[in-house]
2 protein chains.
Amino acid sequence: MEYTIGQVAKQLGLSTPTLRYYEDEGLLSGVRRTEGGRRVYTESDLEALRVIECLKHTGLSIKEISDFVKMVSRGDESIPDRLELFRERRDQVKTQQAELAHMQEILVFKCWYYEKALELGSEAAVRALPNSKVPKRLREVRNYLGSFD
Amino acid sequence: MEYTIGQVAKQLGLSTPTLRYYEDEGLLSGVRRTEGGRRVYTESDLEALRVIECLKHTGLSIKEISDFVKMVSRGDESIPDRLELFRERRDQVKTQQAELAHMQEILVFKCWYYEKALELGSEAAVRALPNSKVPKRLREVRNYLGSFD
DNA sequence: ATACAAGTTAAAGTAAACTTTAAGTCAAGC
DNA sequence: GCTTGACTTAAAGTTTACTTTAACTTGTAT
């Protein structure tokens, strides 16, 4: 199957200027053109774009992704470098996941806090609650945050 | 305990200009000053900054955080709004976690892929492997990504 | 008392990742 | 054959979140 820039944009949730921008920045090269100069995306271009989206979502900048693409075009010789890049990414995402889990704890505490405030009629009343009235798993977060809203 | 701007910066891993910038943007108000005009941060300022960091790390922009701070200063009346904000954040982080887990699968696949490529001497050799030679839990990702590097 | 590190302000500068604009070209439907 | 919507380019503009600069003041250590 082959696609126009508009169809690809829709599928990936990107805008058409963004797709052109990615090409300008070297994230995608060798996109075929029609006689009239319009881009024609193949299934394989879509696959490349999916990996690009993955790298983007795990925190790589456009520049770093373009460096990766350059590696790819160096062929098998760059396999060790690419392995290193993906290992780094994998480890970094693990860290990110731990951090996000911590943030989630804070948010869960905050939801409890404001539900209680709504129930009791004021923040002050929630702050005045003894730790024994706070769900066990939220106590640690409460200590970490202190008395702030 | 009370702290200078430099001490706070160190503790939170921010720069001193960033702390001043946050104040300018309304993320933190009422920071006390010495006679000579220097900022004095209290324990409670630190707690506020920890919540700000949490909101930032879960994807809120500076503007959105400043809107939250404005809510706080409206007092108990804004509790329902604040509850809604934290519920939204909590749900959004859950989505983010799912997405990150998906990205992690891709990265784990890529690490396997390049380890295998290193072992076999080329990418082509890995691509040529039948699905039966691919660890079970990685097969789905392999199909999703297709044949791209 | 004096040096100097750390603080102060306002304003300008930066980097990243797009988005918008302007001026046109292409191709599908009537 | 003509309109219209989707495409093309190059260049300028935008937003976000800081950072840097410059000129100055404060407070601590010798």
Side-chain angles (χ1 to χ4, degrees), chain A residues 1-42 45-46 48-70 89 92 99 103, chain B residues 1-42 45-46 48-70 89 92:
Chain A
M1 236 337 221
E2 304 192 327
Y3 309 90
T4 67
I5 197 171
Q7 289 167 334
V8 172
K10 207 168 225 174
Q11 271 192 56
L12 299 181
L14 301 167
S15 70
T16 60
T18 298
L19 285 170
R20 290 190 202 99
Y21 166 71
Y22 281 5
E23 219 178 307
D24 289 351
E25 297 301 309
L27 268 52
L28 203 60
S29 54
V31 175
R32 226 176 53 223
R33 300 295 186 111
T34 64
E35 182 110 338
R38 291 168 173 218
R39 289 170 180 80
V40 179
Y41 291 84
T42 64
D45 290 325
L46 272 180
L49 283 167
R50 274 187 211 110
V51 173
I52 287 168
E53 282 300 279
C54 169
L55 293 174
K56 208 176 62 177
H57 285 121
T58 64
L60 255 72
S61 68
I62 299 293
K63 168 99 178 49
E64 287 168 319
I65 298 173
S66 126
D67 289 347
F68 165 70
V69 171
K70 269 175 221 139
R89 255 335 72 196
Q92 221 257 284
E99 220 222 359
M103 297 304 142
Chain B
M1 234 341 220
E2 305 190 327
Y3 309 91
T4 67
I5 197 170
Q7 289 167 333
V8 172
K10 208 169 227 172
Q11 271 192 55
L12 299 180
L14 301 167
S15 70
T16 60
T18 297
L19 285 169
R20 290 189 204 99
Y21 165 72
Y22 281 3
E23 220 178 307
D24 288 350
E25 297 301 310
L27 269 52
L28 203 59
S29 55
V31 175
R32 227 176 51 224
R33 301 295 186 111
T34 64
E35 182 110 339
R38 291 169 172 214
R39 289 170 180 80
V40 179
Y41 291 84
T42 64
D45 290 324
L46 272 181
L49 283 167
R50 275 187 210 110
V51 173
I52 287 168
E53 282 299 278
C54 169
L55 293 174
K56 207 175 61 176
H57 285 120
T58 63
L60 256 71
S61 69
I62 299 293
K63 168 102 179 48
E64 288 168 319
I65 298 173
S66 127
D67 289 347
F68 165 70
V69 171
K70 269 175 221 139
R89 252 341 66 198
Q92 220 257 283

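Every chain is numbered from 1 and lettered A, B, ... according to where its sequence line falls, protein lines coming before strand lines.
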Write down the distance between CD (E53(B)) and P (dA17(D)), rounded to a whole number of angstrom. 12 Å
Mapping I62(B) and T34(B) onto DNA chain D by nearest heavy atom, which one lands closer to the 5' end? I62(B)
Once you round it to whole Å, what is the distance between P of dA16(C) and CD1 of I65(A)? 13 Å
Interatomic distance, E25(B) CD vs dC18(D) C1' [rounded to whole Å]: 10 Å
Evaluation steps, salt bridge (charged side-chain N to carboxylate O under 4.0 Å, His left out), between D67(B) and K63(B): CA-CA 6 Å; D67(B) 289 347; K63(B) 168 102 179 48; 3.2 Å; yes
Closest-nucleotide mapping onto DNA chain C: is Q7(B) or L14(A) further toward the 5' terminus? I mean the 5' end. Q7(B)
Separation of dT25(C) P from E35(A) CD (nearest whole Å): 17 Å
Spacing of Y41(A) atom OH relative to dC7(D) atom P, expressed in whole Å: 10 Å
How many angstroms lie between CD in E2(B) and CD in Q7(B), if you round to the nearest 0.5 Å? 10.5 Å
Nearest-Å distance for atom pair CG/C1', residues L19(A) and dA6(D): 14 Å
On DNA chain C, check which nucleotide each of I5(B) and G36(A) is closest to and give me the residue with the more 5' one. I5(B)
Once you round it to whole Å, what is the distance between P of dT19(D) and OH of Y21(B)? 10 Å
Name the residue closer to the 5' end of DNA chain D, choosing between K56(B) and G37(A) according to the nucleotide with the nearest heavy atom. G37(A)
Of the listed nucleotides dT9(D), dC18(D), dG7(C), the one nearest the side chain of T16(B): dG7(C)
Out of dT8(D), dT9(C), dT19(D), minimum distance to the side chain of R20(A) belongs to dT8(D)
For D24(B) and dC18(D), give me the distance from atom CG to atom P, rounded to whole Å. 13 Å
Going by modelled atom types, is there a donor-acceptor pair between the base of dA27(C) and the side chain of R38(A) at under 3.5 Å? no
Nearest-0.5 Å distance that lies between atom CD1 in I52(B) and atom CG in L46(B): 11.0 Å
Rounded distance (nearest 0.5 Å) linking atom SG of C54(B) with atom CD1 of I65(B): 9.0 Å
Does the distance from a Lys or Arg side-chain N to an Asp or Glu carboxylate O, for E53(B) and K56(B), drop under 4.0 Å? yes
Does a side-chain N or O from T4(B) land closer than 4.0 Å to OP1 or OP2 of dG7(C), or not? yes
Distance check: side-chain N/O of Y22(B) vs OP1/OP2 of dA17(D), anything under 4.0 Å? no
Does a side-chain N or O of R33(B) approach OP1 or OP2 of dT9(C) to a distance below 4.0 Å, or not? yes
Strictly below 4.0 Å: does R39(B) bring a side-chain N or O up to OP1 or OP2 of dT8(C)? yes
